Amino acid sequence: MANLIQAAREQVAQLTQAAYETAAAQGLLPAGQEIHGTVEVPKDSKNGDFASSFAMAGAKALHMAPRAIAQIILDHLELEGTLFQRAEIAGPGFLNFFYAPRWYGEVLGAVEAEPDTYGACDEGKDQRVMVEFVSANPTGPMHMGNARGGVLGDTLANVLSRAGWNAWKEFYVNDAGNQIHKFAMSIHARYMQILLGEDNYPFPEDGYQGDDIRELARAFYEAHGDAYKDAPEDKWLDDMSAFGLERNIPKMKDDLRKYGIEYDQWFFESELHDTGYVAETVALLTEKGWTYEKEGALWLNTTELLKEKFIREGKTREQADKLDLKDDVLRRANGFYTYFAADIAYHRNKFEKRGFDKVINVWGADHHGHVARLQAALDGLGLDGSHRLVIVLMQLVNLLQDGKPVRMSKRTGKAIALHDLLDEISVDAARYYFNNRAATSPLDFDLDLAVRQDSDNPVYYVQYAHARICSLIATLAEDGAAVPACANVDPALLSTDEERALVKTLAQYPEEIRLAARDCDPSRVNRYLTTLAGDFHRFYNACRMKGEEAALQSARLKLADCTRLVLANGLGLLGVAAPNKM
């Protein structure tokens with residue numbers, strides 16, 4: 001779990017504090033002062049690898065000019081055996097620290113020691129986190145939005161695992177409620193049209209219009225003939241919904257498996273209803289005083305729950321009272337529970353029954369109004385939903401071809417289905433592109449760019465860097481130059497700007513993993529890999545290996561191989577291949 005940039009940052013603070021204490025003991029500076037300076041990475045590497053503001057932060061307490069303090073600190077720095085070779089004073093009193101060759105060697109050693117898990121940290125402290133994503137209605141094919149949500153959720157779970165969380169991937173199947181009723185009604189209407197003719201049986205105005213519904217109705221007819229022509233409604237509703245789900249859900253699983261996604265669990269909404277868990281959850285909310293009856297329905301006092309939530313988050317009661325808030329129905333007058341009631345029960349199940357410490361849902365941006373309401377309902381159950389439930393809201397995807405928006409599938413006339421997309425481009429390109437921007441940003445997906453084999457295509461650019469290193473290693477091996485062990489490399493030979501920039505980028509990887517997990521933003525991994533590939537290409541063009549003196553060639557070859565390992569590591573988190581040849 002080596003984060004050598006953070007280790008170096010902490011060492012700067014320790015070194016300046018130790019120098020201050022030594023100088024104070026000698027009477028050169030006032031003793032006993034607590035000075036909290038910052039340690040930052042300068043924008044220009046010529047100003048060092050870290051800049052400490054200790055002298056400026058201490059000027060008032062020490063009653064001395066910052067540069068005078070900095071000089072005394074500099075005179076008492078003990079850098080022998082540390083990660084730093086030298087320090088100098090700059091500007092109004094900054095202390096700039098420069099890495100020693102030892103630090104560069106330790107970075108390479110950390111990559112060599114655990115190439116597959118390099119970047120790991122204990123940010124999650126092995127707490128259990130569920131990432132629920134896609135969760136598309138099983139009433140039709142998955143589309144472009146599901147494609148983006150799929151890779152965001154899958155990659156986020158991978159990143160969380162690397163950051164020390166015990167991550168669980170889940171798909172919530174909405175196999176109950178109004179959309180399933182509509183699904184069965186649509187299949188039945190198409191079934192009856194097969195029997196009676198399309199003009200002789202009306203199709204529901206809000207029914208599902210896709211060709212997939214016609215295909216299901218045709219399959220049902222081929223299996224049962226006209227046996228359901230006069231069947232009672234409750235019979236055909238149950239049987240046709242079951243028939244459709246039994247065929248659609250395996251297709252969804254196949255599409256997602258082709259996309260490189262495997263879930264730990266597919267959780268069915270119907271289980272919550274069948275076991276009485278929804279009714280029990282609503283009863284608990286009633287017991288806690290958060291519900292009331294009106295016009296035969298049972299309502300959640302969402303207004304008061306949200307006001308209390310907003311007050312806890314810093315609003316005043318007066319501000320909360322001015323908000324335009326509405327309550328939610330939990331149980332309709334006909335006795336049926338709403339989707340919101342089931343959703344509250346499902347999340348109670350996640351926290352209370354299955355014991356997840358944190359839950360992350362990847363939702364479309366159109367669900368934004370639902371976020372605070374669900375968190376507040378969980379607060380009402382005493383489950384601290386405002387802190388333990390995190391919603392990643394995902395913006396829309398704009399599919400482009402020939403520079404123009406693509407709205408429809410050529411096959412179905414509807415939104416582009418995931419399986420259609422994967423017929424056009426590789427899984428690698430799809431997974432890389434859909435994770436290439438933060439979920440909060442709309443995404444332009446250029447189909448033409450995704451299949452190009454040049455540096456303008458970001459996945460090709462990164463994969464090519466990996467393949468280029470593999471080719472380089474193979475070529476040098478033919479000349480008898482094998483990748484050395486880190487212990488046999490002199491890191492002091494890696495002295496050019498390009499070499500050092502590349503090592504520093506390798507060292508940045510653990511911090512990128514930590515921040516990606518903390519911010520629920522796996523697109524940081526894409527941006528990091530693009531930077532790493534660019535730094536490698538610059539190193540490759542500036543620093544020869546073939547024909548160089550053996551020790552220098554060996555050091556550069558080791559650096560290239562460590563880059564290869566980290567590229568493969570990061571691509572693995574994205575679920576993208578790291579090819580040896582291209």
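Since the model is a prediction, treat every value here as computed from it, not as a measurement. Each residue takes its place number in the sequence, starting with 1.
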Quiz prompt | Separation of Leu393 CG from Thr440 OG1 (nearest 0.5 Å) | solution = 9.5 Å

Exercise. Mind checking ring pair (Phe, Tyr, Trp, His ring centres under 6.0 Å) for Phe351 and listing every partner two or more places apart, or none if nothing turns up?
Key: none

Quiz prompt | Mutual orientation of the aromatic rings belonging to Tyr346 and Phe267 [parallel < 30°, tilted 30-60°, perpendicular > 60°] | solution = tilted

Practice problem: Could you label the plane-to-plane angle of the Tyr433 and Phe445 rings as parallel, tilted or perpendicular, counting under 30° as parallel and over 60° as perpendicular? | Solution: tilted

Quiz item: Where do Lys350 and Glu132 land on the salt bridge (Lys or Arg N to Asp or Glu O under 4.0 Å) test, with the steps shown first?
Solution: CA-CA 10 Å; Lys350 294 180 181 184; Glu132 182 220 322; 2.8 Å; yes

Exercise. Could you walk me through whether Lys251 and Met142 pass side chain to side chain contact (heavy atoms under 4.5 Å, CB included), step by step?
Key: CA-CA 9 Å; Lys251 287 180 181 178; Met142 285 181 295; over 6 Å; no

Quiz prompt | Glu313 atom CD, neighbour heavy-atom count above 12 within 6.0 Å | solution = yes

Quiz prompt | Salt-bridge present (Asp535, Arg538; N to O < 4.0 Å) | solution = yes

Quiz prompt | Cation-pi, Phe310 ring and Lys315 (6.0 angstrom, 45 degrees) | solution = yes

Self-check item: Spacing of Leu557 atom CG and Cys562 atom SG [to the nearest 0.5 Å]
Solution: 10.0 Å

Practice problem: Indicate yes or no: does Glu112 engage Lys558 in a salt bridge with an N to O separation below 4.0 Å. | Solution: yes

Self-check item: Lys/Arg-Asp/Glu bridge criterion (N-O < 4.0 Å) met for Arg524, Asp521
Solution: no

Quiz item: Can you tell me if Arg514 and Asn3 form a side-chain donor-acceptor pair at under 3.5 Å?
Solution: no

Quiz prompt | Distance-only polar pair, side chains of Asp254 and His419, donor-acceptor under 3.5 Å | solution = no

Quiz item: Taking the inter-plane angle between the rings of Tyr99 and Phe84 on a 0 to 90° scale, is it parallel (under 30°), tilted (30 to 60°) or perpendicular (over 60°)?
Solution: parallel

Quiz item: Taking NZ, NE, NH1 and NH2 as the nitrogens, is one of them in Lys125 or Asp122 under 4.0 Å from a carboxylate oxygen of the other?
Solution: no

Under 3.5 Å, side-chain donor or acceptor atoms of residues 153-168 against the rest of the protein: list the pairs with distances, not counting sequence neighbours.
unit_1: Asp154; atom_1: OD1; unit_2: Lys169; atom_2: NZ; d: 2.6
unit_1: Asp154; atom_1: OD2; unit_2: Arg431; atom_2: NH1; d: 3.2
unit_1: Asp154; atom_1: OD2; unit_2: Arg431; atom_2: NH2; d: 2.7
unit_1: Thr155; atom_1: OG1; unit_2: Val151; atom_2: O; d: 2.7
unit_1: Asn158; atom_1: OD1; unit_2: Lys169; atom_2: NZ; d: 3.0
unit_1: Asn158; atom_1: ND2; unit_2: Asp154; atom_2: O; d: 3.4
unit_1: Asn158; atom_1: ND2; unit_2: Leu573; atom_2: O; d: 2.9
unit_1: Ser161; atom_1: OG; unit_2: Ala157; atom_2: O; d: 3.1
unit_1: Arg162; atom_1: NH1; unit_2: Tyr118; atom_2: O; d: 3.4
unit_1: Arg162; atom_1: NH1; unit_2: Asn569; atom_2: OD1; d: 2.7
unit_1: Arg162; atom_1: NH2; unit_2: Asp116; atom_2: O; d: 3.3
unit_1: Trp168; atom_1: NE1; unit_2: Glu170; atom_2: OE1; d: 2.9

Quiz item: Are Arg148 and Phe434 in a cation-pi contact, defined as NZ or CZ under 6.0 Å from the six-membered ring centre and within 45° of the axis?
Solution: no

Going by atom type alone, with no hydrogens or angles, which donor-acceptor pairs under 3.5 Å involve a side-chain atom of residues 455-466 and a protein atom two or more places apart or on another chain?
unit_1: Asp456; atom_1: OD2; unit_2: Arg452; atom_2: NH2; d: 2.8
unit_1: Asn457; atom_1: OD1; unit_2: Val459; atom_2: N; d: 3.3
unit_1: Asn457; atom_1: ND2; unit_2: Leu449; atom_2: O; d: 3.1
unit_1: Asn457; atom_1: ND2; unit_2: Ala450; atom_2: O; d: 3.2
unit_1: Asn457; atom_1: ND2; unit_2: Arg452; atom_2: O; d: 2.7
unit_1: Gln463; atom_1: NE2; unit_2: Asp428; atom_2: OD2; d: 3.1
unit_1: Gln463; atom_1: NE2; unit_2: Ala577; atom_2: O; d: 2.9
unit_1: His466; atom_1: ND1; unit_2: Pro579; atom_2: O; d: 2.8

Self-check item: Phe133 and its ring-ring contact (aromatic ring centres under 6.0 Å, His included) partner, picked from Phe171, Tyr263, Trp363
Solution: Tyr263

Quiz item: What are the two closest non-hydrogen atoms of Asn174 and Glu269, and how far apart are they?
Solution: CA-OE1, 3.4 Å

Quiz item: Do the charged groups of Arg312 and Asp379 touch, with an N to O distance under 4.0 Å?
Solution: yes

Exercise. May I ask you to say whether Asp423 pairs ionically with Lys258, meaning some side-chain N is under 4.0 Å from a carboxylate O?
Key: yes

Self-check item: Ion pair Arg556/Glu499, N-O distance below 4.0 Å
Solution: yes

Practice problem: Step by step, work out the side chain to side chain contact (heavy atoms under 4.5 Å, CB included) result for Ser523 and Asn436. | Solution: CA-CA 5 Å; Ser523 69; Asn436 211 30; over 6 Å; no

Quiz item: How long is the gap from OH on Tyr432 to CG on Leu571, to the nearest 0.5 Å?
Solution: 7.0 Å

Quiz item: Do Ser270 and Asp175 have a side chain donor and acceptor closer than 3.5 Å?
Solution: yes

Quiz item: Considering only heavy atoms from C-beta outward, does the side chain of Val359 approach that of Val129 to under 4.5 Å?
Solution: no

Quiz item: Salt bridge or not for Arg373 and Asp328, using N-O below 4.0 Å?
Solution: yes

